[in-house]
J.: 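Dropping a structure here in structure tokens format, bear with me for questions.
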Amino acid sequence: MTKKSTETTAPKNRSTTNKTVGVNDINNNDLSSTEILPVAGGGILDRRLFLKRSLIFTTATLITESSVEAAAEGISPTNSGQSPSMLKPGNTFSNYGLPSPYESQTIRWVSANAMADGNGVSWCPLHELEGIITPNGLHYERHHNGVPDIDPANHQLLIHGLVERPLTFSIDDLKRYPMESRICFVECGGNSNAGWNKRPVQAAAGHIHGLVSCSEWTGVPLSILLHEAGIRPNASWLIAEAADGVAMNISIPVEKAMDDAILALYQNGERIRPENGYPLRLLLPGWEGVTNVKWLRRLQLTDQPVMSRNETAKYTELMPSGKSRQFTFEMEAKSLITSPCAGQEMHGAGYYQITGLAWSGKGKITKVEVSADGGKTWADSELQEPVLSKSFTRFRIPWKWDGSLAVIKSRATDETGYVQPERDVLVKERGRHGYFHYNAIVSWEIAAEGYVSYVYA
Amino acid sequence: MFTPKQCFIFMLSMFSAVVHAELEQEIQGPKLGKPASEEVIKAWDSSIFPDGKGLPVGKGTVAEGKVLFKAQCAICHGPAGVGGTAEELSGGEQGLTGEYPDKTIGTYWLYATTLFDFIKRGMPLMAPGSLSNDQTYALTAYLLHINEILPADAIMSNENLFQVEMPNREGMIWIYPALKEEPNPVSGN
């Protein structure tokens, strides 16, 4: 379902253009003073301008009332020119630091069931974040029946079924095993699923596409424990079960368990947060969130999948034929512009930095193209290091917005050559009722007044 | 002589033996796992398979299920499984190919065992694990009845639940593993 790039990709060599512009000529937002020629339609500039030019970017900012108030108040310097914070001792130390109180808008957006407040999701505010690591308190959540309270001293992992030696492990036992760390994303199979709707929903980018987050996970490679238990040759599946209030269970091919699965104990350096599976989470890099079983208590090796509700009635995708796709574990390549994006507002024509995230469950991101003319022309963005397999990759490209209506979009390619599809291509293949695994190109429309909205274009 | 399938399985096990041997050389854990006793495994093993393996002994009727549903489930799922805040559990009138397909137990679920298993694990949400096996069979029977799969006088038990023919039984295509050489162990194709 890959889409061939038939559109003109802009030439990469801009040396002729560069010659016409002095280094300091463009360090302001006055568009008339100099001319940097774009590399693609709609004013997309060469990604290497980041390094060569001291462009001053205007940033699209969050639409909040508090920011307007703060701007109106302005800074209030004292007579001596010192700011008030310099005239008194600051606050004392803290045992566990919290974000600045001025960042109170950077929170997860909770959407829970009215009758059961532990059932539902909370969305990661991707439109507020930079870099590739999601802070632990902002990692998206999907719980089926709340966050269980688990004392690690009373938690055990049982490995049984088609093994030579059924074994139990305490958390203390597991902490004494060789560990490995891996930066990777976890994405809910239902992320972005509003995209299947006939009309685009209007919400901040993270509230549409934020059931995905990226952390450094550390733990014991599952293969070590499976080896210790001794897998029987006829074991082809592994049933993983959680210690939560639905005893969430799901079947995983043994191949994946032996390949790169981790029994994760740590997330971004600290023990996993309760809402992300404390004290033990099964991490399956690149595979849909529901298989990354939190609060892991049991692994059963079998010769068949258990056909649990969450691998049959849910997390399967109905197609137009009436048949459904089942065991669609890998999350296919996807990208998203996180600035400017829905939920933010532009501040006049000028230079902007388009930036966003790309990821693929099949491996590394090799290319993210950006368009500012609704997909007619594309230019390669700069991929920020590190570019890691099955991880978020941050991309950036400079853009000169002329202040008129524009549609910006990004398109990811991964190391298997898979190219993120346009929405019409995805919908043509899968219909609109698959519910899960929506990974089409995301388009943001920027109105002349500066409002950014989600469009299908 | 081996059939091609047996050959394949044989080769597969040779292959995995080699992989396992290599692993042994590469990463040796401290081997801290404690042997799990039969009793522990029996107490913890809650898996219920499509072929009925793991179904606990018990039975229940549609009529008993109806009473239980009204008392314990309707508050979230609506009377007779429609019109609540939670998932619709019946009323799949549109089928799967229309403009507004209904993915309900009757139209979408593959196995009746899954229904028993899910109710037993997690429902009712505010008191998971509180239903007895008999109550769970009764609720399963009732839900299958209102989905027009079982008659009003049906009794479900560990002996017949896995034999219930679900309408969408052949409705799914495995995406993984993509290059499967063996027949699907569940559907046999």
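All chains are named by letter (A, B, ...) in the order of the sequence lines, taking the proteins before the strands, and each is independently numbered beginning at 1.
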J.: I need the residue from B:Asp45, B:Leu96, B:Thr114 with the largest number of non-hydrogen atom pairs under 4.5 Å to chain A.
T.: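 Heavy-atom pair counts peak at B:Asp45.
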J.: Check whether A:Ser321 gets within reach of chain B through its side chain, its backbone, both or neither, counting any heavy atom under 4.5 Å.
T.: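 The backbone, not the side chain.
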J.: What option among B:Cys76, B:Gly129, B:Gly84, B:Pro101 has the most heavy-atom pairs under 4.5 Å with chain A?
T.: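 Ranked by heavy-atom pairs under 4.5 Å with chain A, first place is B:Pro101.
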J.: Counting heavy-atom pairs under 4.5 Å with chain B, which one of A:Asp244, A:Val254, A:Thr328, A:Asp173 comes out on top?
T.: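 Ranked by heavy-atom pairs under 4.5 Å with chain B, first place is A:Asp173.
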J.: If you count heavy atoms of other groups shown closer than 6.0 angstrom to CD of B:Glu99, is the number above 12?
T.: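 Atom CD in B:Glu99 is packed in, count exceeds 12.
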J.: Measuring heavy-atom distances to chain A, does B:Leu115 have an atom under 4.5 Å in its side chain, in its backbone, in both, or in neither?
T.: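 Interface part for B:Leu115: neither.
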J.: Can a side-chain donor-acceptor contact be found between A:Thr316 and B:Tyr108 if the only test is distance below 3.5 angstrom?
T.: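 Judged by distance alone, the side chains do pair up.
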J.: Give the intermediate values and the outcome of side chain to side chain contact (heavy atoms under 4.5 Å, CB included) for residues B:Tyr176 and A:Glu255.
T.: CA-CA 11 Å; B:Tyr176 187 99; A:Glu255 255 175 299; 3.4 Å; yes
J.: More than 12 foreign heavy atoms under 6.0 Å from CD of B:Glu148: is that the case here?
T.: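 No, not enclosed.
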J.: Could you check B:Ile173 against A:Gln326 for side chain to side chain contact (heavy atoms under 4.5 Å, CB included), going step by step and ending with a plain yes or no?
T.: CA-CA 6 Å; B:Ile173 300 158; A:Gln326 188 182 19; over 6 Å; no
J.: Within a strict 4.5 Å, meaning less than it, do heavy atoms of the B:Ile175 and A:Phe329 side chains meet?
T.: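 No; the side chains remain at least 4.5 Å from each other.
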J.: Go through the atoms of A:Glu317 and report whether side chain, backbone, both or neither lie under 4.5 Å from a heavy atom of chain B.
T.: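 It is the backbone, since no side chain atom gets that close.
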J.: Select one option (side chain, backbone, both, neither) describing which atoms of B:Trp109 are under 4.5 Å from chain A's heavy atoms.
T.: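 Just the side chain, heavy atoms under 4.5 Å.
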J.: Give the intermediate values and the outcome of side chain to side chain contact (heavy atoms under 4.5 Å, CB included) for residues A:Phe327 and B:Met172.
T.: CA-CA 9 Å; A:Phe327 301 125; B:Met172 300 210 181; over 6 Å; no
J.: Taking the side chain as every heavy atom from C-beta outward, state whether B:Ser46 and A:Glu241 have any pair of such atoms under 4.5 Å apart.
T.: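 A side-chain contact under 4.5 Å exists here.
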J.: Please step through side chain to side chain contact (heavy atoms under 4.5 Å, CB included) for the pair B:Val40 and A:Gln156, ending with a clear verdict.
T.: CA-CA 11 Å; B:Val40 167; A:Gln156 297 275 320; over 6 Å; no
J.: Go through the atoms of A:Leu318 and report whether side chain, backbone, both or neither lie under 4.5 Å from a heavy atom of chain B.
T.: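 Both the backbone and the side chain of A:Leu318 come within 4.5 Å of chain B.
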J.: Has the side chain of A:His433 got a donor or acceptor atom that lies under 3.5 Å from a matching backbone atom of B:Lys103?
T.: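 Flag not set: sc A:His433 to bb B:Lys103 has no pair under 3.5 Å.
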J.: Just so I understand: if I count every heavy-atom pair under 4.5 Å between each of B:Leu125, B:Leu110, B:Thr85 and chain A, which residue has the most?
T.: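 Maximum pair count with chain A is reached by B:Leu125.
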J.: More than 12 heavy atoms of other residues, nucleotides or ligands under 6.0 Å from NZ of B:Lys70: yes or no?
T.: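 Check fails, neighbour count at 12 or below.
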J.: Given heavy-atom pairs under 4.5 angstrom as the criterion, report whether the side chain, backbone, both or neither of B:Phe49 touches chain A.
T.: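 For B:Phe49, the contact with chain A is made by backbone and side chain together.
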J.: Give the minimum heavy-atom separation between A:Pro178 and B:Gly29, together with the two atoms involved.
T.: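 A:Pro178 and B:Gly29 have their closest heavy atoms at CD-CA, 4.2 Å.
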J.: So, the side chain of A:Gln300 versus the backbone of B:Ser47: is there a donor-acceptor pair under 3.5 Å, distance only?
T.: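 Side chain of A:Gln300 to backbone of B:Ser47: no pair is present.
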J.: When you measure from the side chain of B:Arg121 to the backbone of A:Ala247, do you find a donor-acceptor pair of N or O atoms at a distance under 3.5 Å?
T.: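 Judged by distance alone, yes, a pair lies under 3.5 Å.
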J.: Between B:Glu87 and chain A, which part of the residue has a heavy atom less than 4.5 Å away: side chain, backbone, both or neither?
T.: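 Side chain only.
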J.: Does any backbone or side-chain atom of A:Phe169 lie under 4.5 Å from a heavy atom of chain B? Answer side chain, backbone, both or neither.
T.: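 Only the side chain of A:Phe169 comes within 4.5 Å of chain B.
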J.: Using non-hydrogen atoms only, which part of B:Thr107 is less than 4.5 Å away from chain A: side chain, backbone, both, or neither?
T.: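 Contact with chain A is absent: no heavy atom of B:Thr107 under 4.5 Å.
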J.: Considering only heavy atoms, which portion of A:His160 lies under 4.5 Å from any heavy atom of chain B: side chain, backbone, both, or neither?
T.: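 A:His160 touches chain B through side-chain heavy atoms alone.
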